[in-house]
Amino acid sequence: MKTRICILFILVLITTACSSLANMTSEKMNKLELGMSKQQVTEILGSNYTIAEKKIENGAQVEVLSYRDFYKDDELYLFVFKNNTLEKWYRELALKQEVVKNK
């Protein structure tokens, strides 16, 4: 009985841990609309983001959220909010750097 409880606990832990990772599917992206609030966007995409930039520009608060795709770690999705309203989003490819070893 204890073994079953442990296995069940581990399965629940794994599934909840994986659900917090960003998975930028077209289904999720198609739900996004310009003009949405930050809360609406994070409800769709999840809270596993990084604040890439925050500033005041012409009296408006600008915040850029960055999501890294779980399946494609070289892709970043950036979401620009002006006064808590989604103004635009775009995808960037992260540059991969080679490590050169001195011999």
Side-chain angles (χ1 to χ4, degrees):
M1 184 67 175
K2 287 183 180 181
T3 305
R4 287 184 181 179
I5 293 173
C6 286
I7 291 172
L8 181 62
F9 176 75
I10 290 170
L11 288 174
V12 169
L13 183 64
I14 289 171
T15 55
T16 56
C18 291
S19 67
S20 68
L21 297 172
N23 180 5
M24 307 304 282
T25 63
S26 59
E27 179 183 341
K28 288 181 181 180
M29 297 298 285
N30 288 336
K31 292 180 182 179
L32 299 177
E33 302 270 338
L34 294 176
M36 285 182 151
S37 70
K38 177 181 169 184
Q39 180 181 354
Q40 290 172 309
V41 172
T42 57
E43 283 175 2
I44 293 169
L45 299 178
S47 59
N48 193 23
Y49 60 83
T50 301
I51 298 175
E53 184 177 9
K54 209 176 222 187
K55 64 183 176 181
I56 301 290
E57 184 178 89
N58 298 326
Q61 180 178 330
V62 177
E63 186 173 27
V64 180
L65 302 185
S66 171
Y67 283 86
R68 184 175 291 274
D69 193 335
F70 173 69
Y71 293 110
K72 300 175 185 170
D73 65 348
D74 61 341
E75 290 183 352
L76 293 172
Y77 290 83
L78 298 156
F79 298 85
V80 180
F81 294 88
K82 195 175 264 188
N83 289 331
N84 199 37
T85 301
L86 182 61
E87 285 230 326
K88 68 177 179 176
W89 72 84
Y90 53 96
R91 179 181 68 127
E92 285 190 357
L93 297 176
L95 298 175
K96 293 190 177 190
Q97 297 179 353
E98 290 186 34
V99 176
V100 178
K101 293 181 182 179
N102 292 332
K103 292 184 179 186

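Here the structure is a predicted model, which means the values were calculated and not measured.
Atoms CZ and CD, on Arg68 and Glu75 in that order, are 10.0 Å from each other to the nearest 0.5 Å. For the atom pair CE (Met36) and CZ (Phe81), the distance works out to 9.5 Å, reported to the nearest 0.5 Å. Here the CG atom belonging to Leu45 is positioned 10.5 Å from the OH atom belonging to Tyr77, to the nearest 0.5 angstrom.
Residue pairs satisfying the salt bridge (Lys or Arg N to Asp or Glu O under 4.0 Å) criterion with at least one member in residues 33-43, sequence neighbours excluded, are listed as follows: Lys38-Glu63. Listed by first and then second residue, the ring pair (Phe, Tyr, Trp, His ring centres under 6.0 Å) pairs involving residues 28-57 are Tyr49-Tyr67 (not counting sequence neighbours).
Val80 and Leu86 sit in two unconnected hydrophobic clusters of ILVMFWY residues. Membership requires side-chain heavy atoms under 4.5 Å apart, directly or through other members. Linking Ile, Leu, Val, Met, Phe, Trp and Tyr whenever their side-chain heavy atoms come within less than 4.5 Å puts Ile51 and Ile44 in one cluster. By the rule that hydrophobic residues join a cluster once side-chain heavy atoms approach within less than 4.5 Å of another member, Leu65 and Leu34 end up as members of one cluster.
Take Glu57 and apply the salt bridge (Lys or Arg N to Asp or Glu O under 4.0 Å) test, not counting sequence neighbours, and it matches Lys55, Lys82.
Summarising the geometry of Leu78 relative to Ala52, their closest heavy-atom pair is CD2-CB, 4.3 Å, with the distance given to 0.1 Å.
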